[in-house]
Amino acid sequence: MSLDLPRTDPRAANLAADEVRRRLEHARTTRLAQLKALDETGASPGDHLMSNQKDAIKRVLREIDEAFARVEDGTYGTCLGCSKSVPPERLEILPHTRYCVGCQRAA
């Protein structure tokens, strides 16, 4: 899926935004299922690995919510570090990403 759509065709932009929302919703659903599975294992409160996994999943859920907000305000796909476009291939793999590869490495 390419997000490099001409701005003059609002119908195509809406389709792209709908596809992005679908991908983000899928990512959210997957992370929520992972979190539920971890909660259902009944691990002890002192289990640091489980705690770290839950924290990582919650962080990604926040990033997904932020990505939804960027879709709504029209800044989705723009790197928060350098303000350049995030390559569509990266957005396909990580639809909630905030940064291009170079800025992510620097972060």
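In what follows, every heavy atom counts, from backbone to side chain, and hydrogens, waters and symmetry copies are set aside. All values derive from a computational prediction rather than experimental measurement.
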### Query
Do V101 and V86 belong together in a cluster built from hydrophobic side chains that touch within less than 4.5 Å?
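As far as the 4.5 Å side-chain criterion goes, V86 and V101 are not connected within one cluster.
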### Query
Is any NZ, NE, NH1 or NH2 atom of the basic residue among E19 and R22 found under 4.0 Å from an Asp or Glu carboxylate oxygen of the other?
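Looking at R22 together with E19, the answer is yes, because their closest N to O distance falls below 4.0 Å.
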### Query
Can we say R62 and D65 salt-bridge, meaning some charged N sits less than 4.0 Å from an Asp/Glu carboxylate O?
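Not counted as a salt bridge, because no side-chain N and carboxylate O are separated by less than 4.0 Å.
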Quick one: does any side-chain atom of [X] pair with a main-chain N or O of [Y] as donor and acceptor, under 3.5 Å?
X   : Y   : answer
Y76 : H96 : no
T30 : H26 : yes
T97 : L94 : no

[X] vs [Y] side-chain heavy atoms within contact, under 4.5 Å:
X   : Y    : result
Q34 : L38  : no
Q53 : K58  : no
E92 : R23  : yes
C82 : C100 : yes
D39 : K36  : no

Nearest 0.5 angstrom please: [X] [atom1] to [Y] [atom2], how far?
X    : Y   : atom1 : atom2 : value
T75  : L80 : OG1   : CG    : 7.0 Å
D55  : H48 : CG    : NE2   : 11.5 Å
C103 : R98 : SG    : CZ    : 12.0 Å
L24  : E63 : CG    : CD    : 11.5 Å
E40  : L35 : CD    : CG    : 10.0 Å

### Message
Under the criterion side chain to side chain contact (heavy atoms under 4.5 Å, CB included), I'd like the reasoning laid out for M50 against T41: C-alpha separation, chi angles, the key distance, then a yes or no.
### Response
CA-CA 10 Å; M50 179 90 58; T41 62; 3.1 Å; yes
Could you pull out the closest heavy-atom pair between [X] and [Y], with the gap in Å?
X   : Y   : result
Y99 : R90 : O-NE, 2.8 Å
V71 : V20 : CG2-CG1, 3.5 Å
I57 : R31 : CG2-O, 3.4 Å

